[in-house]
Protein chains: 2
Amino acid sequence: MENIDEVKILFRAFLDEKGQRKTPERFAILEQIYDLTDHFDVEFLFLKMKNKNYRVSRATVYNTLDLLIECGLVVKHQFGTLTALYEKSYGYKQHDHLICRKCNKIFEFCDPRIQQIQSTMGKLLKFKVEQHSLMLYGDPEVDIDSKCLRCQLTIN
Amino acid sequence: MENIDEVKILFRAFLDEKGQRKTPERFAILEQIYDLTDHFDVEFLFLKMKNKNYRVSRATVYNTLDLLIECGLVVKHQFGTLTALYEKSYGYKQHDHLICRKCNKIFEFCDPRIQQIQSTMGKLLKFKVEQHSLMLYGDPEVDIDSKCLRCQLTIN
DNA sequence: CTCGGTGCAAAGCTTTTGCATCCGC
DNA sequence: GCGGATGCAAAAGCTTTGCACCGAG
């Protein structure tokens, strides 16, 4: 992660502004999140840090994630499963997700029309819309042997 | 609910086709869901039925909801909270949701551009997209006394 | 030194599962 | 009557909370 320092500076500024302490745990969590490239859940992050011999608790992970979400460095997703997934968001252009109903893989995409919908509906309903979440769910196209073109799994 | 009979016929046909039993509990749950006009969670539905002296268990509610979702009579939402919310979907045009970040009220809207995004991205990523979920999150416009124009709550 | 933040474990909530009983077919 | 569906309660899984201790300011 080349811009990890930039991200830490932003987090530091946010904590300052909120009168929150700048603890080593918070920066360690931020660092480990920005080391990941994919979506992750709390348990995954917690274990990743345990394995690296960080001394952190789940409680602190949850607490820090809330802070990171509040300052926009992380986004939280509920992809229809029980467990929430998180994702770093600095330096990443806003994107949405397509979820495969066969293998649950997640694909990312962008479409500028979402911004238009957002602004149209904001005006109509009298809201300042500042965030959105669009998920598409679908079945993959398959080849003649019923194998998914993307993950090679054979579909029923 | 004027079209409850229609809905029951659809459910019956679906159960037939799947070789599933047509138990009174399943139809009672369907009936109670279609009696509701708003989003609801499992506990709310379960208690509503308990209060009306139906003899149902949470397990059956969950099981039946899965069936109703599968046949398209109910949709499930995860609005970023722990608890899933459900909603009847027959005779309702497909719509999406705007969630107020101040009071958590949910507003519904439609925008045909979502269908276009769905079909564009389906083609691009080689998926048959058959479902989507779009949520907009925002703050309400307020009057000069900082009172929300919609729910009259005073916003910090 | 103070008091907010942390680790740990227990509690809380939603959802799932196991099992004996029931009843649709 | 058979086997799937149900009710109940216990278990499982994710998240939050309580409390004593620690360490940032």
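These figures come from a predicted structure and were not determined experimentally.
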> Counting just side-chain N and O atoms, does Asn63(A) come under 4.0 Å of either OP1 or OP2 of dG5(C)?
Replying inline: no

>> Using a 6.0 Å cut-off, check whether atom NZ of Lys128(A) has over 12 heavy atoms from anything other than its own residue.
In response: yes

>> Check for me whether the distance between the ring centres of Phe127(A) and Phe107(B) falls short of 6.0 Å.
In response: yes

> Rounded to the nearest 0.5 Å, how far does CD1 of Ile4(B) lie from CD of Glu6(B)?
Replying inline: 10.0 Å

> Going only through I, L, V, M, F, W and Y residues with side-chain contacts under 4.5 Å, is there a path from Leu82(A) to Met135(A)?
Replying inline: no

>> I need the minimum non-hydrogen distance between Lys88(B) and Leu36(B), along with the two atoms involved.
In response: NZ-O, 2.8 Å

>> A side-chain contact here means heavy atoms from C-beta on lying under 4.5 Å apart; do Val74(B) and Leu30(B) qualify?
In response: no

>> Measure CG/Leu65(B) against C1'/dT16(C) and give the value in whole Å, please.
In response: 14 Å

>> Would the distance check show the side chain of Lys105(A) and the main-chain N or O of Ile99(A) forming a donor-acceptor pair, the cut-off being under 3.5 Å?
In response: no

> Over how many whole Å does the gap from Phe27(B) atom CZ to dC23(C) atom C1' extend?
Replying inline: 15 Å

> Expressed in angstrom and rounded to an integer, what is the separation of Arg26(A) atom CZ from dG7(C) atom P?
Replying inline: 11 Å

>> Based on the rotation axes of five pairs at each end, what angle does the helix from dC1(C)-dG25(D) to dC25(C)-dG1(D) bend through, to 10°?
In response: 30°

> What integer distance in Å separates Leu15(A):CG from dT6(C):P?
Replying inline: 10 Å

> For nucleotides 16-25 of chain D, read 5' to 3', which letter fits each nucleotide if B means a protein heavy atom sits under 4.0 Å from the base, S means only the sugar-phosphate is that close, and - means neither?
Replying inline: BB-----BBS

>> Among residues 39-50 of chain A, which ones have heavy-atom contacts with DNA chain C below 4.0 Å?
In response: Lys50(A)

> For Arg26(A), does its backbone N or O pair with a side-chain atom of Thr64(A) as donor and acceptor, under 3.5 Å?
Replying inline: no

>> Run Arg101(B) and Gln131(A) through side chain to side chain contact (heavy atoms under 4.5 Å, CB included) and show every step you take.
In response: CA-CA 10 Å; Arg101(B) 295 197 295 195; Gln131(A) 213 189 104; 3.6 Å; yes

> Of all the nucleotides listed (dT14(C), dG7(C), dT6(D)), which has the minimum atom distance to the side chain of Ser57(B)?
Replying inline: dT6(D)

> Between dT6(D) and Arg55(B), is there an OP1 or OP2 to side-chain N/O distance shorter than 4.0 Å?
Replying inline: no

> Under 6.0 Å from the NZ atom of Lys22(B), do we count more than 12 heavy atoms belonging to anything else shown?
Replying inline: yes

>> Ring centroids only, cut at 6.0 angstrom: are His97(B) and Phe79(B) within range, meaning strictly under it?
In response: yes

> What is the distance from CG of Leu67(A) to P of dG4(C), rounded to the nearest Å?
Replying inline: 15 Å

